[in-house]
Peer 1: 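Structure in structure tokens, see below.
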Amino acid sequence: MNNLRPLSPHIQIYRPEMTSTLSITHRLTGVALSMGILMIIYTLYCLASGTTHYLQLQSFFSHWSGKALFLGWSFSFFYHLINGVRHLIWDIGYGFEKETMHASGWGVILVSFAITLKLWAILCY
């Protein structure tokens with residue numbers, strides 16, 4: 001067997017493109033949302049367990065690390081939602097032109113950040 005044969009195109013050959021980067025980010029935000037379900041389950045547990053557990057939960061969410069976790073989860077939610085709408089539009093058959101794909105990709109990123117910032121502005125003030 002000849003081990004010097006060329007391999008099929010490898011990931012090192014390709015440049016990251018907008019669509020591939022957004023696709024990978026969509027998958028990662030899906031994983032983050034799945035992990036966020038554990039946070040929701042723990043919140044329900046603390047609510048059902050009484051005052052002591054609830055105060056511990058409240059202390060965690062008022063700490064900077066709890067806020068950062070919730071900020072990341074909320075961005076993941078909005079990004080995944082808006083990118084999912086983009087994919088639904090693709091399923092209909094629209095938006096496959098190169099310029100439209102780039103514009104909708106930047107739109108997903110900007111709208112996700114804008115909605116996340118708006119939510120946090122409402123929550124913090």
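These numbers were taken from a predicted model, which means no experiment stands behind them. Heavy atoms only: backbone and side chains are in, while hydrogens, waters and symmetry mates are out.
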Peer 1: Taking side chain as C-beta onward, heavy atoms only, is Y79 less than 4.5 Å from L22?
Peer 2: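 Answer yes - side chains close enough.
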
Peer 1: Check whether W106 and F75 end up in the same hydrophobic cluster, where Ile, Leu, Val, Met, Phe, Trp and Tyr are linked by side-chain heavy atoms less than 4.5 Å apart.
Peer 2: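 Linked, W106 and F75 end up in one cluster.
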
Peer 1: Using a 3.5 Å cut-off and no angle test, enumerate the donor-acceptor pairs between side-chain atoms of residues 29-43 and protein atoms at least two apart in sequence or in another chain.
Peer 2:
| residue | atom | partner | partner atom | Å |
| --- | --- | --- | --- | --- |
| T29 | OG1 | T25 | O | 3.1 |
| T29 | OG1 | H26 | O | 2.8 |
| T29 | OG1 | H80 | ND1 | 3.0 |
| S34 | OG | G30 | O | 3.0 |
| T43 | OG1 | M39 | O | 2.8 |

Peer 1: Strictly by side chain to side chain donor-acceptor pair (under 3.5 Å), give each pair with a member in residues 45-55 just once, sequence neighbours left out.
Peer 2: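 Side chain to side chain donor-acceptor pair (under 3.5 Å) check on residues 45-55 returns no pairs.
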
Peer 1: List for me each residue that meets side chain to side chain donor-acceptor pair (under 3.5 Å) alongside S65, sequence neighbours excluded, and say none if there are none.
Peer 2: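 H63.
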
Peer 1: Identify all side-chain donor-acceptor contacts of residues 89-98 below 3.5 Å with residues at least two apart in sequence or on another chain.
Peer 2:
| residue | atom | partner | partner atom | Å |
| --- | --- | --- | --- | --- |
| W90 | NE1 | G95 | O | 3.4 |
| E97 | OE1 | T100 | OG1 | 3.3 |

Peer 1: Side-chain polar contacts of residues 115-125 - donor-acceptor pairs under 3.5 angstrom, sequence neighbours left out - could you list them?
Peer 2:
| residue | atom | partner | partner atom | Å |
| --- | --- | --- | --- | --- |
| T116 | OG1 | S112 | O | 2.7 |
| W120 | NE1 | S74 | OG | 3.0 |

Peer 1: Say you draw a straight line from OG of S62 to NZ of K67; how long is it, rounded to the nearest 0.5 Å?
Peer 2: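 So the gap between those two atoms works out to 6.5 Å.
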
Peer 1: Kindly work out whether a path of hydrophobic side-chain contacts (I/L/V/M/F/W/Y, heavy atoms less than 4.5 Å apart) joins F61 to W73.
Peer 2: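 They do share one cluster, since a chain of ILVMFWY contacts under 4.5 Å joins F61 to W73.
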
Peer 1: To the nearest 0.5 Å, what is the distance between CH2 (W64) and CG (L71)?
Peer 2: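 W64 atom CH2 to L71 atom CG measures 12.0 Å (nearest 0.5 Å).
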
Peer 1: Cluster question for you: counting only ILVMFWY and a side-chain heavy-atom cut-off of under 4.5 Å, with indirect links fine, are L88 and F78 together?
Peer 2: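 Not linked; separate clusters.
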
Peer 1: From S104 OG over to M18 CE, what is the distance, rounded to the nearest 0.5 angstrom?
Peer 2: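 Between atom OG of S104 and atom CE of M18 there are 8.0 Å.
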
Peer 1: Please list, chain by chain and in numerical order, all residues satisfying side chain to side chain contact (heavy atoms under 4.5 Å, CB included) with S20, sequence neighbours excluded.
Peer 2: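 Checked S20 against side chain to side chain contact (heavy atoms under 4.5 Å, CB included); matches are E17.
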
Peer 1: Are M101 and I109 grouped together when hydrophobic residues (ILVMFWY) are joined by side-chain heavy atoms under 4.5 angstrom apart?
Peer 2: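 No, M101 and I109 fall in different hydrophobic clusters.
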
Peer 1: Between the side chain of R86 and the main-chain N/O of L81, is any donor-acceptor distance below 3.5 Å?
Peer 2: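 Side chain of R86 to backbone of L81: no pair is present.
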
